[in-house]
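Here's the structure, in structure tokens; my notes come after.
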Amino acid sequence: MEKKIVLIDGHSILNRAFYGLPDLTNSEGLHTNAVLGFLNIMFKILDEEKPEYLTVAFDLNKPTFRHEMFQEYKGTRKSMPEELREQVPIMKEVLKAMGVNIVEKAGFEADDVLGTIAKTCEKEGYEVSLVSGDRDLLQLATDKIKIRIPKTKMSGTEVENYNTADVIEKYGVTPKQFIDLKGLMGDTSDNIPGVPGIGEKTATKIISQYDSIENAYEHVEEITPNKAREALKNHYDLAVLSKTLATIKTDCHIDFHISQAEIKNLTNEEAFVYFKKLEFKNLISRFQVDVSHNEGVEKLFKIITDFVEAENVFNKLLSQKTDDQSVVVGLQLIRENSTILGISLTFSEKDIYFIKVEGLISAAYLQDKVKNIVDHNYLIATNDLKSQLDFILATEKDPIADLGIGAYLLNPLKSTYHYDDIARDFLNLIIPNESELFGKISLIKAMDGSPEEFKNFCCYQGYVNYLGYDKLMKALKDTNMEQLFREIEMPLVFALFDMEQRGIGVNEGELKAYSERLGVKIAQLEKEIYELAGEEFNISSPKQLGVILFEKLRLPFGKKTKTGYSTSADILEKLVIEHPIVSFILEYRQLTKLKSTYADGLTAFISEDKRIHGKFHQTIAATGRISSTDPNLQNIPIRMELGRAIRKAFIPKEGYIFVDADYSQIELRVLAHMSGDEKLIAAYKEAQDIHRITASQVFHTPLEEVTPLQRSNAKAVNFGIVYGISSFGLGQDLNISRKEAESYINKYFETYPSVKNFLDELVAQGKKDGYVTTIFGRRRPIPELTSSNFMQRSFGERVAMNSPIQGTAADIIKIAMIRVNRKLKELNYRSRLILQIHDELLIEAHEEEKEQVMAILKEEMQNAAILSIPLEVDVNIGSNWYEAK
DNA sequence: GTAATCACG
DNA sequence: ACGTACGTGATTACT
């Protein structure tokens, strides 16, 4: 059996993959579809063939290249889209990491290189598989050279295979004759002219009969039809030239030795780094994640279960001097739910421990030791501090850093910032994460089941914290975000922890009564809807609802989604006049939403203490906002009265009241400040009603004469500006034409030219740097700005305009939260900050402190940032959240 | 697991 | 010609 070599036409396959897969990106916004598709094809072929050798050929310095898609158009060469261009170097790096032989030779076409290598290998007795998306290569097919053309189909990748016989069967000519065939018929995409007037059919007939162009010319008088005969007579030179152009060279001088093409370990550690970075989750399963990775470090990992040894470890650490805070301690609490399993502790390259709760080593003992370390001013490096603050009894005054938050500031677009993410992104270290190690098995089970993996899992966390600290702090310094990190994000961790601990009081009985009332009403609506529809169906299924409304009742459908008719509220609202069923459906939707998400949903979160302890997340939103889950307390209804009533169920504890404060139009004020627009600043300095004064200035109408319509239009434009204005979006919102929306926007920009200038500047900055920043230096990367796709690029532009505004507002309220929380504690007040809703803070205030609390809230919120216009804050009190707002 | 819908700022 | 407003999270249906 001959040995096998697989040759891949690099650009051709990359191109195929790019157009065959949807536009995938990793969490950093890097486009990855072409690379993924290439690797999928490559692995499929390798799995089938199990070759000994592999080589990929790329063209060099070729700014454009062909693709079948374009041939169908004009045969013009279209330049490579940016999304594909940026994947070419990545592809090469990935292949290099896998140890794959890459051939790229200046001055040669990939076809010629592949042809040469294929023939050379054939001569030396190897079996050759030549993988390309390009049918030109069929001329190289022999019994030993198989041309393989992958096709991306619904069911996955299928490959067409061509040896000599297959070419003859499919095209009626031999591979060698294929060149002559092309010489006659030409190939527009390859700039091969061919003979005018001779197409595929005629060319095939002639070549199969006469074997070659030259021979056909000798018998030219016999050729039929007449048209073809004359064409060949008149254009013989062109035919010969075309044949030369179509011939793939097989005798290039390239230094190729089969030994270079030997397949090494493709799934090695270096490649693993790339696969992780590109987030190829499926392909990663090809790598056996075994614990022998990073064997060197893992040998140093120690698990401590003996009390005396634990004492020795702590004593060793405590004997190191900390006057200058130079000793970094990587620390991570390891626990499952409420069970504390131990602590991961690293304080030098060699002191890497997991100290396990066992025997005399109790959780309380460890907590005490950790407190001792904190009190001695060691520099603590940990990850997700908020989740550990019930154990690590630190305060915001202590020198402690949360690496997850640091990594979030450096790239807020990622989805997780776990120890393996930090290790990969900052230490170039690939280590298995929890699910790779244990799957769905619980930590407690893994502790006994796979002790070695468990030890490594635990030790790595402290180790990564220890090593990552310097790297992250340097990166934050280099990006001017050190102050943001130290003075806003880290102190905020403590404020959010406090809020989660405190929770908010809920009247469970009221919530349940509310749910029952809704239930009754929903049942009535259901009945009426079924009656009007003439049948029963699932009203909550957009699919079934669409059939009823748009097919059975024949209502005009406004919009379609990918899967069917759109039944969204804004579409249905336009249909209210068409049929009485529509308003019932809208009401049904509203009530079921209130019941399931709020009345019943919230009830499920009430804990023993009759309070809801939601979670606040600091590393989710790309703009720097906080987010809320389990439950989401930042989207409790307020706009509609019926929903707003839910807020009556949120109550302060006995002896307390709610004090609620919210910023008035903070984002517009931030915009006025950041843009420095004189007229806008002047307007907002005096304005009671910002939208009204905007309307007055934009529509050149005296303030008193502004109509309600003008005001609401101005309001919509103001929102639009903050969202990153587009005439389409504004038109959609106001239900007016794009043209009209455009004229509103133009009027706005004429009135406030510096705003226009500012927004343009943000887009330009985003394009130049790849990111935009808030006043406090927070960054938002915008990879979409380089996209060649209009939609994506436009999105990037809106993000560039919106993020600095939304982000600065987020920074400001974070500062206010920290100061308010701090002040209430300093003054030993019983009042507590319990919620943040983006521009609003809610305090559960002791009745005796309410006046002071109102003053503190207003003061700290207004002065959290000093802008060129004052920040206005509205403060209200109430015996429940409904009243306080 | 994704799409559609809708709640908030 | 293209076809979306910015930022989130929860529920439901359905593959």
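Sequence lines set the chain letters: A, B, ... in the order given, protein chains first and strands last, and positions in each chain run from 1. All values below were derived from every heavy atom in this structure, side-chain atoms included, with hydrogens, water molecules and symmetry-related copies excluded.
Dashed line: the shortest gap from a side-chain N or O of A:Ser541 to OP1 or OP2 of C:dC14 is under 4.0 Å. Listed pair A:Lys593 / C:dT12 fails the phosphate criterion, with no side-chain N or O lying under 4.0 Å from OP1 or OP2. For the OP1/OP2 pair of C:dT11 and a distance below 4.0 Å, the side-chain nitrogens and oxygens of A:Ser596 include no atom meeting the criterion. Not one side-chain nitrogen or oxygen of A:Thr597 sits closer than 4.0 Å to the OP1 or OP2 atom of C:dG9.
At a threshold of 4.0 angstrom between heavy atoms, the contacts of A:Glu667 with the nucleic acid are absent. Residue A:Ala569 is in sugar-phosphate contact alone, with no base atom involved, counting any heavy-atom pair closer than 4.0 Å across all strands shown. Within 4.0 Å of A:Asp839, counting heavy atoms only, lie sugar-phosphate atoms of the nucleic acid but no base atom. As judged by a 4.0 angstrom heavy-atom cut-off over every strand, A:Arg639 is placed among the base-contacting residues.
Comparing C:dA5 with B:dT2, their C1' atoms are spaced 23 Å from each other, to the whole Å.
In this structure, A:Asn635 places its CG atom 5 Å from C1' of B:dC8, rounding to the nearest Å. Rounded to an integer number of Å, the gap from A:Glu840 CD to B:dG9 C1' is 9 Å. Protein atom CZ of A:Phe537 is 12 Å distant from nucleotide atom P of C:dC14, rounded to whole Å.
Remark: the A:Glu551 side chain and the A:Tyr565 side chain contain an N/O donor-acceptor pair separated by less than 3.5 Å.
A heavy atom lying under 4.0 Å from DNA chain C marks the following residues of residues 614-623 of chain A, by number: A:Ile620, A:Ala621, A:Ala622, A:Thr623.
Base pairing analysis places B:dA4 opposite C:dT11; the two distances defining the Watson-Crick or G-U wobble pair are each below 3.5 Å.
Contact of A:Ser726 with C:dT4 (side chain to base): a donor-acceptor pair of N or O atoms is detected under 3.5 Å. The base of C:dT4 is paired with the side chain of A:Arg798 by a donor and an acceptor separated by under 3.5 Å.
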